[in-house]
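Side-chain atoms are counted along with the backbone in the values below, which use heavy atoms only and exclude waters and symmetry mates.
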Amino acid sequence: MEKTFYLEIISVDRQFYIGLAEGLILPIQDGQYGILADHEPTVTAIEPGELKYKVNGQWQLAAVSGGFAEIMPEYVVVLISSVEHPEEIDIKRAEAARERAEERLRHKQSVEEYYNSKAALARAMARLKTRGRK
């Protein structure tokens, strides 16, 4: 049996998952960050993308927006702006958000508008990727 750690995945509007987990994969700026029990203490920023967590030998998926994680040997706390199970994602809405973000990126914008558009595109792409797996 795999070693477990206590995992909390919390967004601003709900407690998404609280319980034991065997593994966790977070989307970070440089790719993916894997976590197992007894991980060394650290804090990392989370990028919009697909989060995976392993419970009872099964990997679960979620689309997440930005946030951060506190990682300790016996627990991990993930605090994010939003999180969705694949079946909660409305494909048409996510596609429309992707198209709007891509359109905004085609136009000249201020630096702030550019980064907001890039963030919106990243969120939409994460939702579509996660939903496409179901």
Item checked: From CA spacing to verdict: side-chain contact (heavy atoms from CB on, under 4.5 Å), L51, L24 -> CA-CA 8 Å; L51 175 146; L24 175 65; 4.1 Å; yes
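- The minimum heavy-atom distance between S11 and S81, with the atom names listed, is CB-O, 3.8 Å.
- The OG1 atom of T4 lies 11.5 Å from the CG atom of L36; values are rounded to the nearest 0.5 Å.
- For Q29, the CD atom sits in a loose shell: 12 or fewer heavy atoms of surrounding residues, nucleotides or ligands are nearer than 6.0 Å.
- Between the CD atom in E70 and the OG1 atom in T42 there is a gap of 10.0 Å [rounded to 0.5 Å].
- Of all the heavy atoms in V83 and R14, the pair that sits closest is O-NH2, 2.8 Å.
- Here the CD1 atom belonging to I46 is positioned 8.5 Å from the CD1 atom belonging to I9, to the nearest 0.5 angstrom.
- Panel note: side chain Q15, backbone E8; no donor-acceptor pair is recorded below 3.5 Å.
- Considering CD of Q60 and NE2 of H85, their distance stands at 8.0 Å, rounded to 0.5 Å.
- Residue E22 comes nearest to V55 through the heavy atom pair OE2-C, 3.8 Å, listed as atom of the first residue, atom of the second, then distance.
- The CG atom of L20 sits 12.5 Å away from the NZ atom of K3 when rounded to the nearest 0.5 Å.
- By the neighbour-count criterion of 12 heavy atoms within 6.0 Å, atom CZ of F68 is sparsely surrounded, having that number or fewer from other residues, nucleotides or ligands.
- Side chains of P27 and P48 form no contact here, defined as non-hydrogen atoms less than 4.5 Å apart.
- Screening F5, Y33, Y75 against H39 for a ring-ring contact (aromatic ring centres under 6.0 Å, His included) leaves a single residue, Y33.
- Across all non-hydrogen atoms, the minimal contact from I28 to A45 is CG2-O, 3.3 Å.
- Take E102 and apply the salt bridge (Lys or Arg N to Asp or Glu O under 4.0 Å) test, not counting sequence neighbours, and it matches R98.
- No side-chain heavy atom of F16 sits less than 4.5 Å from a side-chain heavy atom of V78.
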